[in-house]
Amino acid sequence: MEIKLNNKKNIQNISSRECFEKLSKEDNSHLVDVRTKPEWLYIGVPNLELLQKKTVCVAWQIYPDMQINANFESEILDSEIKKQDNIFLICRSGQRSFDAAKFLTSRGFTNCYNVVDGFEGNLDHEHHRSTIEGWKYHNLPWRQ
């Protein structure tokens, strides 16, 4: 499946801490984890129970081939997210979520945000994650 992304739309980058704060204050806001099923199972997922919300897990790419999920938009809509809601997209370190945000914006979703530091953040000098940035690093609620 070939997906053309609209590069003219600006996607706002937001930190994981800012994301959690906005999720706690804004009713029509959703966190969409776009990582793969193995990542959700073995690395963990953000836990929004304190906010009486749940993380919506919709893979942007399908493991193991990592092809773009042809059903991505329909799975987002099936989760009862509306095109005008605030949608915060998160992946491991901010790239897949950025691509997913660009795609959704090109499909008429009006308030997409990229969690730029992701769930685990970038690699540190020893090639480890969750040590310099990201949802887990900032001790935001998560579960495995």
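Note that CG of N111 is 10.5 Å distant from NE2 of H30, once rounded to the nearest 0.5 Å. Atom CD1 of I68 and atom CG of D99 lie 7.0 Å apart (nearest 0.5 Å). The distance from atom CG of N28 to atom CD1 of I87, rounded to the nearest 0.5 Å, is 10.5 Å.
Residues L48 and I14 are members of one and the same hydrophobic cluster, defined by side-chain heavy-atom contacts under 4.5 angstrom among Ile, Leu, Val, Met, Phe, Trp and Tyr. If you chain together hydrophobic residues whose side chains sit under 4.5 Å apart, I76 and W60 fall into the same group. In the hydrophobic cluster analysis, where Ile, Leu, Val, Met, Phe, Trp and Tyr join through side-chain heavy atoms closer than 4.5 angstrom, V115 is grouped together with F119. F20 and V32 fall into different hydrophobic clusters, where Ile, Leu, Val, Met, Phe, Trp and Tyr residues are linked whenever their side-chain heavy atoms come under 4.5 Å apart, directly or through other members.
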Criterion side-chain hydrogen bond (donor to acceptor under 3.5 Å, both in side chains) on S16 and D117, from CA distance to verdict | CA-CA 6 Å; S16 53; D117 56 341; 2.8 Å; yes

Trace of the side chain to side chain contact (heavy atoms under 4.5 Å, CB included) decision for W40 with T55 | CA-CA 11 Å; W40 303 325; T55 301; over 6 Å; no

S24 and K53: side-chain hydrogen bond (donor to acceptor under 3.5 Å, both in side chains), yes or no, with the steps?
-> CA-CA 9 Å; S24 68; K53 294 184 178 191; over 6 Å; no

Would V56 and E80 satisfy side chain to side chain contact (heavy atoms under 4.5 Å, CB included), going step by step from the backbone distance to the final call?
-> CA-CA 10 Å; V56 176; E80 300 184 9; over 6 Å; no

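The nearest pair of heavy atoms linking L89 to A100 is CD2-CB, 4.0 Å. Nearest heavy-atom pair across C19 and L31 is SG-CD1, 3.9 Å. Contact between S29 and F88 at its shortest, heavy atoms only, is CB-CE1, 3.8 Å. Counting all heavy atoms, side chain and backbone alike, C112 lies closest to I11 at O-CG2, 4.0 Å. Shown here for A59 and I62, the closest heavy-atom pair between the two residues is CB-CD1, 4.2 Å. Smallest separation of non-hydrogen atoms from N122 and S93: OD1-CB, 3.8 Å.
With sequence neighbours left out, F109 forms a ring pair (Phe, Tyr, Trp, His ring centres under 6.0 Å) with no residue at all. Applying the side chain to side chain contact (heavy atoms under 4.5 Å, CB included) criterion to Q144, with sequence neighbours excluded, gives W142. Partners of S130 under the side chain to side chain contact (heavy atoms under 4.5 Å, CB included) rule, at least two apart in sequence or in another chain, are E120, K136.
Ion pairing between E133 and R17 fails under the 4.0 Å rule for side-chain N and carboxylate O. Using a cut-off of 4.0 Å between Lys/Arg side-chain N and Asp/Glu carboxylate O, E73 and K83 are scored as salt-bridged. Salt-bridge annotation for K22 and E18: absent, with no side-chain N of the basic residue lying under 4.0 Å from a carboxylate O of the acidic one.
Side chain of E26 to main chain of L23: no donor-acceptor pair is present (N/O by atom type, distance under 3.5 Å, no hydrogens or angles). Of the possible donor and acceptor atoms, none in the side chain of D65 sits under 3.5 Å from a partner among the backbone N and O of Q67.
Annotation: side chain of P46 is not in contact with side chain of L140 (no heavy-atom distance under 4.5 Å).
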